[in-house]
Amino acid sequence: MAELADNELVKKLAELKLEHEAYSHPACMTADELVANVPLASDKETHTKNLFLRDKKHGLFLVTHATSTAFNTKKLGALLKLQGKVNLRMADEALLEKHLKVKPGCVGPLCIVNDEAKEVTMVLDQALMDYDYIHSHPLRNDASVKMTPDALKKYLADSGIEAVVLDFGKDLPAPEPKKPVAAAAGGGGAKQANPGGMKKNAKKGETLLALQWKKEENFSGWYSDVIVLSEMISYYDISGCYILRPWSYKIWELIQVWFNAEIEKLGVENAYFPLFVSQDRLEKEKDHVEGFSPEVAWVTKSGEAELAKQIAIRPTSETIMYPAFSDWIQSHRDLPLKLNQWSNVVRWEFKDPTPFLRTREFLWQEGHTAHATFEEANEMVMAALDLYTRVYQELLCVPVIPGHKTEKEKFAGGHTTTTVEAYIPISGRAIQGATSHHLGQNFGKMFDIKYQTATGGTEIAWQTSWGLTTRTIGVMVMVHGDDTGLVMPPRVSPLQAVIIPIVSKKVTLQDATPYCEAVLADLKSKGIRAKFDDRTIYNPGWKYAHWEQKGVPIRIEVGPRDIENKTVRCVIRYNGDKIDMPVEALGDALVTKLDEIQTAMFEKAKGVRDDHVVQVTEWKDFVPNLEKHNLVLAPWCSGKNQEAEEWVKKTSREESLKNLGEEGEDERTATSVAAKTLCIPFDQPELPEGTKCIATGEPATCWVLWGRSY
């Protein structure tokens with residue numbers, strides 16, 4: 001294309017007279033985004049995944065492999081026959097720009113020519129040579145170059161690059177056998193994991209509608225597969241921003257409906273405030289803005305004109321709402337003021353974006369209240385936190401642990417922060433579910449939120465803020481999903497039952513439709529969200545797989561024998577049970593069944609979580625329990641001891657990395673091996689007299705919950 005003609009690498013391809021095609025497309029930071037947003041003409045073409053790796057002893061490597069190839073750094077070290085200790089890890093941005101002169105997200109094999117000092121080893125995936133065409137970035141992530149494997153090899157050779165071609169599918173010699181361990185009662189061999197936990201190679205011509213990852217083999221790959229293939233999200237051309245499709249947005253709407261009804265009982269009203277905030281207002285509360293400063297997105301231009309003053313896109317709304325609170329609150333009669341808004345916020349997150357969990361734009365509700373006393377504000381804080389507990393446990397079937405945040409982890413500028421913490425079993429990590437903050441009078445002083453008391457005096461209002469985001473959806477997916485797809489809790493499932501006719505020459509769709517529609521009408525009359533899938537372009541088997549992948553709690557099959565016997569077959573998604581039920585009073589029976597499913601899903605998740613919360617009183621047991629995917633309750637001397645808290649974080653990281661045989665981790669990682677405080681749980685186990693703090697050895701005053709966290 002014309003706009004790519006001046007691209008340095010495209011010009012070099014032309015100079016070398018190599019056949020190629022350069023084209024533009026939406027910006028894609030990752031290979032997954034490329035696959036999702038830039039479809040290729042056939043399965044004989046592939047995008048590439050490119051990794052710039054460094055090893056303190058062995059140097060720098062640029063690895064380019066097909067997006068379907070199973071890859072891991074340990075296998076790379078073995079295939080390269082690197083001697084001694086090998087610790088290959090992602091090189092940082094500075095090294096990337098120094099050696100390859102390219103930004104993160106824009107890397108491809110073509111940029112190796114920028115390594116003028118020849119300090120980077122080029123590694124190519126043998127599988128690339130089996131494709132008709134390879135697509136890769138030419139120093140920018142909004143464009144790709146299509147070329148044949150032979151053209152790529154000639155490009156490298158003519159540029160003086162000796163590439164190492166490796167077969168990542170090659171089996172390595174088996175390691176020395178470890179000492180055998182006793183088999184569990186009942187026998188049976190251990191399940192064979194996918195080597196390296198990476199994606200399985202798809203055979204050419206094979207459809208990839210089913211999940212390509214197993215949850216236990218590669219959790220992050222499984223998660224990406226589930227949310228895309230279940231039609232929850234689509235990728236967008238701005239990294240960290242995603243399209244919420246109707247299936248996921250309906251979940252959010254169902255949470256909204258429930259939550260609105262509950263906050264109305266508390267006297268909270270909905271309102272809406274502007275998206276933008278002036279720099280002066282945002283920076284008025286020093287601690288508050290410092291907490292958000294790295295994540296604030298700024299608007300600096302209007303068309304081609306520079307704005308006289310830049311304005312921020314809200315990272316949160318305290319500084320937007322509270323000037324209005326100052327205007328509206330004049331007397332004790334104006335209190336309490338209780339408002340909630342449903343909105344979007346932008347936090348320019350630079351750690352690895354993950355749909356629902358960590359995104360640059362997300363949806364949330366944020367409640368803001370003002371009160372006459374500290375105690376009234378505290379009651380509001382706890383009432384909001386109780387609602388968050390109920391959202392997770394009663395709607396999403398996810399058990400949470402409520403508690404106070406430590407001083408180090410509390411909301412910037414606030415007095416105290418309360419939280420509900422969830423647990424993701426497959427990764428052994430905690431995740432903050434929602435927070436409710438007692439702001440004290442700090443913001444009231446900053447924004448002059450004063451009121452006249454009944455006795456004629458002047459007082460500063462006591463305030464709260466509390467928020468719940470679309471992160472809830474991601475937590476639900478990770479806790480309940482399986483290798484088939486979503487497993488939806490009935491209360492938030494967009495559809496709770498789907499009716500699928502099994503037609504034949506004996507009973508056609510036209511014959512089955514009145515029976516199915518009568519079943520549908522019965523279900524809807526009982527308040528069940530149901531659908532009759534009468535599409536003729538798909539067979540029953542395809543429909544089964546489709547709705548299982550979307551996690552619908554109950555599948556209702558209607559075949560010729562069912563019509564004859566006035567029954568249906570109900571298949572339960574979360575456990576696979578198959579139940580033949582009469583159509584008479586079916587709606588009432590399924591209302592009961594949906595409640596049973598809701599309860600069973602929560603109890604199952606709670607049992608798993610409870611098995612992974614352990615009490616530890618000595619440091620020697622702390623990191624080993626993290627390695628077992630546990631959350632750790634440990635005795636602590638004070639929630640205000642930030643120095644000791646930092647020591648635990650630092651020391652647990654060092655010990656964990658040592659156990660892994662690694663020297664360090666990328667500071668930008670969103671999933672560190674270090675432990676952090678999750679909360680000081682409200683439900684405190686008995687603390688025996690004389691118990692010492694796990695970090696300082698001083699007398700402990702409470703138990704603190706620790707864990708690795710998202």
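If you read the sequence from its start, that first residue is 1, and numbering goes on from there. Quick note: numbers below take in every heavy atom, side chains included, and nothing from hydrogens, waters or symmetry partners. All figures in this text were calculated on a predicted structure; none of them were measured in a lab.
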Asks: Would you confirm whether Thr359, through its side chain, and Pro355, through its main-chain N or O, come within 3.5 Å as a donor-acceptor pair?
Replies: no
Asks: Indicate yes or no for a side-chain donor-acceptor contact from Arg314 to the backbone of Asn344 under 3.5 Å, with no hydrogens or angles considered.
Replies: yes
Asks: If you measure only the distance, is there a donor-acceptor pair under 3.5 Å linking the side chains of Ser220 and Trp222?
Replies: no
Asks: Determine whether the aromatic ring centres of residues Trp706 and Trp636 are separated by less than 6.0 angstrom.
Replies: yes
Asks: How about Gln432 and Ser709: does a side-chain donor come under 3.5 Å of a side-chain acceptor?
Replies: no
Asks: If I take atom CZ from residue Arg491 and atom CD1 from residue Ile597, how far apart are they, to the nearest 0.5 angstrom?
Replies: 11.5 Å
Asks: Check Asn141 against Gly105 and note the closest heavy-atom contact, atom names and distance.
Replies: CB-O, 3.0 Å
Asks: For the ring pair Phe447 and Phe325, is the centre-to-centre distance below 6.0 Å?
Replies: no
Asks: Less than 4.5 Å apart, side chain to side chain, heavy atoms only: is that true for Trp298 and Ile311?
Replies: no
Asks: Between Glu459 and Lys450, is the closest basic N to carboxylate O distance under 4.0 Å?
Replies: no
Asks: Give a yes or no on this: more than 12 heavy atoms of other residues, nucleotides or ligands lie within 6.0 Å of atom OH of Tyr236.
Replies: no
Asks: One pair to check against side chain to side chain contact (heavy atoms under 4.5 Å, CB included): Ile251 and Met476. What are the steps and the verdict?
Replies: CA-CA 11 Å; Ile251 299 169; Met476 177 202 72; 4.1 Å; yes
Asks: So His438 and His415, would you call those rings parallel, tilted or perpendicular, with 30° and 60° as cut-offs?
Replies: tilted
Asks: Find out whether Cys28 and Val38 are in side-chain contact, i.e. whether some heavy atom of one side chain is under 4.5 Å from a heavy atom of the other.
Replies: yes
Asks: Which pairs with one or both residues in residues 672-682 pass salt bridge (Lys or Arg N to Asp or Glu O under 4.0 Å), sequence neighbours excluded?
Replies: Glu409-Lys676
Asks: Is a donor on one side and an acceptor on the other found under 3.5 Å between the side chain of Ser248 and the backbone of Leu244?
Replies: no
Asks: Might you point out which heavy atoms bring Ala461 and Ala370 nearest each other, and give the distance in Å?
Replies: CB-CB, 4.2 Å
Asks: Kindly determine whether Arg529 and Leu254 satisfy side chain to side chain contact (heavy atoms under 4.5 Å, CB included), including the steps that lead there.
Replies: CA-CA 12 Å; Arg529 295 184 292 278; Leu254 290 167; 3.7 Å; yes
Asks: Closest heavy-atom contact between Thr696 and Ala644?
Replies: CG2-CB, 3.7 Å
Asks: Begin with the C-alpha distance, continue with both residues' side-chain angles, and end with the deciding distance and a verdict on side chain to side chain contact (heavy atoms under 4.5 Å, CB included) for Ile449 and Phe443.
Replies: CA-CA 8 Å; Ile449 305 174; Phe443 285 92; 5.5 Å; no
Asks: Do Pro425 and Arg609 make a side-chain contact, defined as non-hydrogen atoms from C-beta onward lying under 4.5 Å apart?
Replies: no
Asks: As an exercise, state the distance from CD1 of Ile401 to OH of Tyr392, rounded to the nearest 0.5 Å.
Replies: 13.5 Å
Asks: Within a reach of under 6.0 Å around CG of Asp683, are more than 12 heavy atoms found that belong to other residues, nucleotides or ligands?
Replies: no
Asks: So which of Lys405, Glu645, Glu407, Gln642 actually passes side-chain hydrogen bond (donor to acceptor under 3.5 Å, both in side chains) with Thr677?
Replies: Glu645
Asks: Centroid-to-centroid, His612 to Tyr423, below 6.0 Å?
Replies: yes
Asks: Which class fits the ring pair Tyr235 and Tyr242: parallel under 30°, tilted 30 to 60°, perpendicular over 60°?
Replies: perpendicular
Asks: Quick check: are there more than 12 heavy atoms from other residues, nucleotides or ligands sitting under 6.0 Å from CD of Glu264?
Replies: no
Asks: Check this for me: does any side-chain nitrogen of one of Lys103 and Glu97 sit under 4.0 Å from a carboxylate oxygen of the other?
Replies: yes
Asks: Report yes or no: does Glu366 contribute a side-chain atom to a donor-acceptor pair with the main-chain N or O of Ser317 at less than 3.5 Å?
Replies: yes
Asks: Would Glu262 and Lys265 count as a salt bridge (charged side-chain N to carboxylate O under 4.0 Å, His left out) if you check the C-alpha gap in whole Å, the side-chain angles of each, and the deciding distance to 0.1 Å?
Replies: CA-CA 5 Å; Glu262 294 299 321; Lys265 297 174 186 176; 3.1 Å; yes
Asks: Could you tell me if the ring centre of Trp252 sits under 6.0 Å from that of Trp342?
Replies: yes
Asks: If the condition is side chain to side chain donor-acceptor pair (under 3.5 Å), which residues does Gln684 pass it with, not counting sequence neighbours?
Replies: none
Asks: Do side-chain atoms of Thr472 reach the backbone of Thr469 as a donor and acceptor pair under 3.5 angstrom?
Replies: yes
Asks: Could you tell me whether Arg347 and Glu361 make a salt bridge, using a distance below 4.0 angstrom between a side-chain N and a carboxylate O?
Replies: no
Asks: Describe, in one word, how the ring planes of Tyr388 and Phe259 are oriented to each other, choosing from parallel (under 30°), tilted (30 to 60°) and perpendicular (over 60°).
Replies: parallel
Asks: Is the backbone of Ile460 close enough, under 3.5 Å, to the side chain of Gln441 for a donor and an acceptor to pair up by distance?
Replies: yes
Asks: Verify salt bridge (charged side-chain N to carboxylate O under 4.0 Å, His left out) between Lys408 and Glu646, making sure each step is shown before the conclusion.
Replies: CA-CA 9 Å; Lys408 179 179 175 59; Glu646 190 60 35; 3.0 Å; yes
Asks: For Val632, is there any backbone N or O sitting under 3.5 Å from a side-chain donor or acceptor partner on Asn630?
Replies: no
Asks: Can Ser331 and Gln452 be said to form a side-chain hydrogen bond (donor to acceptor under 3.5 Å, both in side chains), step by step?
Replies: CA-CA 5 Å; Ser331 164; Gln452 187 178 55; 5.6 Å; no
Asks: Quick one: pull up CD1 in Ile680 and SG in Cys702 and give me the separation to the nearest 0.5 Å.
Replies: 4.5 Å
Asks: Set out, in order, the CA-CA distance, both residues' side-chain angles and the distance that settles side chain to side chain contact (heavy atoms under 4.5 Å, CB included) for Val257 and Asn260, then state yes or no.
Replies: CA-CA 5 Å; Val257 169; Asn260 276 331; over 6 Å; no
Asks: What's the shortest heavy-atom distance between Ala675 and Leu626, and which atoms?
Replies: CB-CD1, 3.7 Å
Asks: Would you check, one step at a time, whether the test side-chain hydrogen bond (donor to acceptor under 3.5 Å, both in side chains) holds for Thr417 with His437?
Replies: CA-CA 4 Å; Thr417 290; His437 314 289; 2.8 Å; yes
Asks: Check step by step if side-chain hydrogen bond (donor to acceptor under 3.5 Å, both in side chains) holds for Thr369 and Thr464.
Replies: CA-CA 5 Å; Thr369 67; Thr464 78; 2.4 Å; yes
Asks: Do any N or O atoms from the side chain of Thr389 and from the backbone of Leu385 form a donor-acceptor pair under 3.5 angstrom?
Replies: yes
Asks: Crowded around Lys338 NZ? As in, over 12 foreign heavy atoms under 6.0 Å?
Replies: yes
Asks: Assess whether atom CD of Glu306 is packed by more than 12 heavy atoms of other residues, nucleotides or ligands within 6.0 Å.
Replies: yes
Asks: Taking Ser436 for its side chain and Val381 for its backbone only, find out whether a donor-acceptor pair lies under 3.5 Å.
Replies: yes
Asks: For the backbone of Leu357 and the side chain of Arg471, can you confirm whether one donor and one acceptor N or O come within less than 3.5 Å of each other?
Replies: yes
Asks: List the atom of Trp247, the atom of Ser493, and the distance in Å for their closest heavy-atom pair.
Replies: CZ2-OG, 4.5 Å
